[in-house]
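This report refers to the structure that appears directly beneath it.
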Amino acid sequence: MIDYQKIEEKWLKIWEESGIFKSDPDEREGIMVTAAFPYLNMPLHIGHLRTYSTADAYARYMRLKGFNVIYPMGFHKTGTPALAIAKRVVSGDAEIVEILKAYGVPDDDIRTMRDPLSVTNYFHEITSRGFHKSGLSIDWRRTFTSIDAKYSKMIEWQFQKLKEKGYLVKGTHIIGWCTNEQNPVGQHDTKGDVQPEIESMNVILFKDTESDIYFPCATYRPETIYGVTNIFVKDDADYVIAEIFGLRCYLAKRCSELLRYQTDVRVIGEVSGRDLLGRYAINPITEDKLPVLPGFFVRDDFATGVVMSVPSHAPFDYVAIENLRSSGYNIGNIGYNRLIDVDRDGNGKGIGRSSKSDVNGVDESIPARAYLYISGYHGENGTESEIESATKLEYREEEKWGRMAVGDYKGMEVSKARELISESMRGKGIEKSISIIGNEDQVYCRCGTVVIPKLVNDQWFIDYGNKELKERAIEYLPNMRIYPESARKSFSIAFGWIDLRAAERSQGLGTRFPLNPSHIIESLSDSTIYTTMYTYIHILESRGVSAEQLNYDFFDFVYNISDDVDTAAKSTGIDVVTLKRCKDELRYWYRFTSRHSGSDLITNHLTMYIFNHLGILGKELWPKQIVANGLLNYEGKKMSKSMGNIVPLNDGIEKFGADPLRFIEIAGSDVESEADFRTADCENIKAKNEWLLNMIRSVNGLRSRHLNHIDYWLYSKLNSKITRATDAMDGFMLRQAYIDIYYNSISELRHYISRGGDNQAVVTEFLDKMIIMLSPVMCFFAEEMWSELGHTDLIERERWPVADRSMISESIERLEEMVESTISDINDIIGLTSRDGSGRRVREVRVIIAAEWKSRAYGILVERKSVSDAMKDISLSDIDKQKLSAFLLQFAKRINYIGREVDISADDVINSFRDSVDYISKAVGHSVVIEYEPESVSERASRALPFKPAIEVVWVGPEQN
RNA sequence: GCAGGGAUGGCGGAGCUCGGUCAAACGCGGCAGACUCAAGAUCUGUUGACUUAGGUCUACGAGAGUUCAAACCAGGAACAAAUCUCUCUCCCUGCACCA
């Protein structure tokens, strides 16, 4: 068994000692490969390795191609998740302890995570170790973290530039907010990690008939204004009269308190819900007089606590009305007017068409009632969740297929009418809007408080909506190399809608925001142009330059915004040589950069990466190549905390071996698609590796001698493989490349051996080149096999093989295929025909090779695409007309799609089959004779085709046994 | 809701850019055989249905639609969709202050 751990340790040590991955500028072309640096609030799992190993394979490939390559790596410590972890650990949150344990963090270590810094420091160590063990070819001299003092200096400069160019703007913004902790609440701050979804809702104002106070009714469906029958309030709740929207309104007391966070609310007086009952309000559009009634479903902590009732189209309203009616409550004269027709196929009926329930016989006269029926709600025993689903279904269908049946927009699609109605009411000042948290279930902060929307004033944003910047990005997009190509579209869409992006936060680790030092620079914004720093950070470190020296002059000079080295030297106190080295090295490595990340970062990080480069830096420093890879599943399922199926990176390497893991992640699927790590695949690769190693060890037992047919075949396969694989690599089609390099090579070697191949020189060359090509992916194992093959230098110093085109022979490969397919045909025929139960046995098998003229005739037919033309062709005039037409006519039906065949003479085919006759006999288990069509007496001989010999199975009857 | 992507055989997953060479690569899994005292690993074959000669039929979420070149001679008619169009159903991803 191959001991992967031992091999890994061995080569890690040798790589470390040789310093092979440290690179400085030289006469070669430079390439910098970077992957989005890891955020350190959790250990990485094997899924994260996908990006890093893919980037590594690319770096290694380009090294083999003769480029000077660096693959540097930093660490991201900025932001709030680490803070959230520390807070939860301090508060003794059992859940976080469980999660960390699931990631393999020991109890004792968890207890040390009492502040964000120790959280990130802890994971920094673990992650760094994981990167080493994964075999990433990183130049570790160039590492840093996003909270280093020098990093902060660079970020401050970046924001200075953004400000100068007018990309920083102030504005207002709605966020999730915890009223208890007085903090913004993001996904990782909520119970269950749910993202608070902030939505806006319409509020329509209905004037009280007795006063100038309004009922502000929150609704998603302003178009139903034509069918409002009454107003609902919560009768056992407290209400207030408050000034809001510049008017006096009735609001639920609790709502008035929440709405304060997003608009001005001034409470004037209090009133109980019960007091509101019996009043009347005026529909501002229809001017109907509407009674105020108690609604069982009305909440006094959501929106305004005042609801307009449209019982014909809102199941809750319908149920509330019916309940009141049956309980004897005096509801006055309330009827059901149909406002919207759902008519999907023009027959006037359509309710419930998209539902799976049986909708036959539903009375559609009152839509809300019909939807309740479909959803299984039948009277008294109905549940709220049934009403809920009726509501959803009705909203959805009416939105999608509904047309207005009444009002000013009669006949118009609901979705369109809604907008117009809303617009018109806003114009008249009778519709306003508010923000609400739209999640189905309430969202709670981890402290237990309900999350509410809050309007933030005076917030700084990066203006990615800046027209000129946007245009520049859109224009530049086609100039970048993007893999997979489909990601280019995602970018172009993201470029279209990216707009204001908050640039600062009130808490977390990171660089202070220069324009508001009490805030921290938001952590996606502080990691956009940091890749530049990889190019010179080691110079600063080795020259003992301090962070304080890194003023704006330094960065202006290094980033080529200024050429004034003397000013920079003077104001920074850094010597001219060092300054110039920094500048030169930045330009050297930035001539070609390859940026790697998961495809999930296209719409945020990668887009911001591009925009910041384009916004601040000169064109020579703009991004050149982007690679966005898909994610990784484990045993067919997404890895997640809740599924408990997370494999931490370091565990994964120990369990599966870095190389098999890398192989599956890098080459197991196309870059763009989701990869799947399956243990079975991993075992399969390990077994193949065993076989390869044994193969290599057996090479010494072979001898070199003159070349046979099968040796040429293997050479041809090798060289055509090199051509294809190189093309695939250059197009970032790693999976395709490695099917050829790995799987196909192994089966070719197997075939070679089964055909009696045993030439040492041939096998050695095949293995040498194959292993070199394998090394970008299985870096440790390739190194080990390379040394097993007797090489003393590191494989990293080798060159990617170049195909010897003279060794590629289509005909040799085709002949071999013909032999194989003939074997399989013979087996099929025997299998099929020996089922007759007669007990007869095969005496021998005749393989009849087509006459020479057939391949000539076929070639002409392919060219002419016409049987008659081919018949007339003078070069075929020597052939018997009858035989010729019989032969050609069998292709007539599919004449337009028969392809050109490799040109092989009948002699070559015969020789090849005669050489292989023992092999064929063995494979079919019967004696085989090879015949040439013109000389054959077999009645099947005429069936022979140029690329497919005729087969005759000769039987011995049972009586002769 | 908005935007993007997808639906292929027991499973995963190619192919669909340029409709005929696709019963559909490759890998799992299943079955049979070899090896072994045995199991595992490995190797070989097989794995839609039917079939006594290399073939036929049915198939690529559901439903509908679409069109072309050529075929010993002459005149006439005509064929094909995983792949194109539309509709539906279902699934996945992103949607902002969050890494």
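Model, not experiment: these values are computed from the prediction. In what follows, chains are A, B, ... by sequence order, proteins preceding strands, each numbered from 1.
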Next on the checklist: Using a heavy-atom cut-off of 4.0 Å across all strands, would you classify Glu952(A) as base, sugar-phosphate, or nothing?
Outcome noted: base

Next on the checklist: At 4.0 Å (heavy atoms only), tell me whether Pro38(A) reaches a base, stays on the sugar-phosphate, or touches nothing.
Outcome noted: nothing

Item to check | Rounded distance (Å) that lies between atom P of rG5(B) and atom CG of Leu631(A) | outcome: 18 Å

Checklist entry - Is a side-chain donor or acceptor of Asp463(A) paired with a backbone partner of Asn466(A) at a separation under 3.5 angstrom? => result yes

Checklist entry - Taking any strand in view, what nucleotide pairs with rG94(B) in a Watson-Crick or G-U wobble way, both distances under 3.5 Å? => result rC2(B)

Item to check | Rounded P spacing from rA71(B) to rG61(B) in Å | outcome: 35 Å

Item to check | Residue whose closest nucleotide on RNA chain B lies nearer the 5' end, His605(A) versus Asp676(A) | outcome: Asp676(A)

Next on the checklist: Return the pairing partner of rC73(B) with a 3.5 Å limit on both distances, Watson-Crick or G-U wobble; otherwise return none.
Outcome noted: none

Item to check | Any strand: nucleotide that pairs with rA49(B) via Watson-Crick or wobble, under 3.5 Å | outcome: rU56(B)

Checklist entry - Looking across every strand, which nucleic acid part, if any, lies under 4.0 Å from Ile951(A) by heavy atom: base, sugar-phosphate, or nothing? => result base

Next on the checklist: Val119(A) and side-chain contact (heavy atoms from CB on, under 4.5 Å): which single residue from Leu509(A), Leu83(A), Ile85(A) fits?
Outcome noted: Ile85(A)

Next on the checklist: So His76(A), base contact, sugar-phosphate only, or nothing? Heavy-atom distance under 4.0 Å.
Outcome noted: sugar-phosphate

Checklist entry - Which part of the nucleic acid, if any, lies within reach of Asp681(A) when heavy atoms closer than 4.0 Å are counted: base, sugar-phosphate only, or nothing? => result sugar-phosphate

Item to check | Whole-angstrom distance between rU66(B) and rU83(B), as gauged at atom P | outcome: 15 Å

Item to check | Atom-pair distance (CZ on Arg488(A); C1' on rG5(B)), nearest Å | outcome: 18 Å

Next on the checklist: What's the gap between rA14(B) and rG6(B) when it is taken at their P atoms, as a whole Å value?
Outcome noted: 11 Å

Checklist entry - Counting any heavy atom closer than 4.0 Å, what does Thr603(A) reach on the DNA or RNA strands: base, sugar-phosphate only, or nothing? => result sugar-phosphate

Checklist entry - Side chain of Val953(A): nearest nucleotide among rG54(B), rA99(B), rA53(B)? => result rA53(B)

Item to check | Pairwise P distance, rC11(B) and rA25(B) [rounded to whole Å] | outcome: 15 Å

Next on the checklist: Let's see if you can work this out: which of rA53(B), rA3(B), rG12(B) has an atom nearest to the side-chain heavy atoms of Ile493(A)?
Outcome noted: rA3(B)

Checklist entry - Does Ile175(A) or Trp691(A) map to a spot on RNA chain B nearer the 5' end, using the closest nucleotide for each? => result Trp691(A)

Checklist entry - For atom C1', what is the distance between rA81(B) and rU46(B), given to the nearest Å? => result 30 Å

Checklist entry - Under 3.5 Å, side chain of Glu690(A) to main-chain N/O of Ile2(A), donor-acceptor pair present? => result yes

Checklist entry - Any idea which of rA53(B), rA99(B), rU42(B) is nearest the Arg940(A) side chain? => result rA53(B)

Checklist entry - Among Thr78(A), Asn516(A), Ile155(A), which one satisfies side-chain contact (heavy atoms from CB on, under 4.5 Å) with Ile521(A)? => result Ile155(A)

Item to check | More than 12 heavy atoms of other groups within 6.0 Å of Glu419(A) CD | outcome: no

Item to check | Nucleotide of rA99(B), rA14(B), rG54(B) approaching Ala950(A) most closely (side-chain heavy atoms) | outcome: rG54(B)

Checklist entry - Within this structure, what is the CG-to-P distance between Asp670(A) and rA25(B), rounded to whole angstrom? => result 17 Å

Next on the checklist: Is the ring pair His751(A)/Tyr919(A) parallel, tilted or perpendicular, if the boundaries are 30 and 60 degrees?
Outcome noted: perpendicular

Checklist entry - Contact class for Leu500(A) vs. all strands (heavy atom < 4.0 Å): base, sugar-phosphate, or nothing? => result base

Checklist outcome for this item: Pairing partner of rC43(B), by Watson-Crick or G-U wobble and under 3.5 Å for both distances, is rG33(B)

Checklist entry - Is a side-chain donor or acceptor of Ser745(A) paired with a backbone partner of Ile741(A) at a separation under 3.5 angstrom? => result yes

Checklist entry - If you measure from CG on Leu500(A) to OH on Tyr464(A), what distance do you get to the nearest 0.5 Å? => result 11.0 Å

Item to check | Base partner of rC11(B), which must satisfy Watson-Crick or wobble distances under 3.5 Å | outcome: rG27(B)

Checklist entry - Rounded to the Å, how far apart are Asn684(A) CG and rC43(B) C1'? => result 13 Å

Checklist entry - Phosphate oxygens OP1/OP2 of rG5(B): is one of them under 4.0 Å from a side-chain N or O of Lys489(A)? => result yes

Item to check | Rounded C1' spacing from rC84(B) to rG15(B) in Å | outcome: 16 Å

Item to check | Spacing of the P atoms in rA53(B) and rU87(B) (rounded, Å) | outcome: 48 Å

Item to check | Integer-rounded Å distance: rA96(B) P and Glu522(A) CD | outcome: 13 Å

Item to check | Complement of rC84(B), any strand, by Watson-Crick or G-U distances under 3.5 angstrom | outcome: rG65(B)

Checklist entry - Using the P atom in both, what is the distance from rG27(B) to rU51(B), to the nearest Å? => result 29 Å

Checklist entry - How close or far is atom P of rG45(B) from atom CG of Asp825(A), stated in whole angstroms? => result 14 Å

Next on the checklist: By the 4.0 Å heavy-atom rule, please label Ser824(A) as base, sugar-phosphate, or nothing.
Outcome noted: nothing

Item to check | Separation of rG94(B) C1' from Trp497(A) CH2 (nearest whole Å) | outcome: 6 Å

Checklist entry - So does Ser523(A) get a side-chain nitrogen or oxygen closer than 4.0 Å to the phosphate oxygens (OP1/OP2) of rA99(B)? => result yes

Checklist entry - With respect to the phosphate group of rC43(B), does any side-chain polar atom (N or O) of Arg750(A) fall under 4.0 Å of OP1 or OP2? => result yes

Checklist entry - With a non-hydrogen cut-off below 4.0 angstrom, is Asp499(A) in contact with a base, only sugar-phosphate, or nothing? => result base

Next on the checklist: Distance check needed: rA25(B) C1' versus Tyr738(A) OH, whole Å only.
Outcome noted: 21 Å

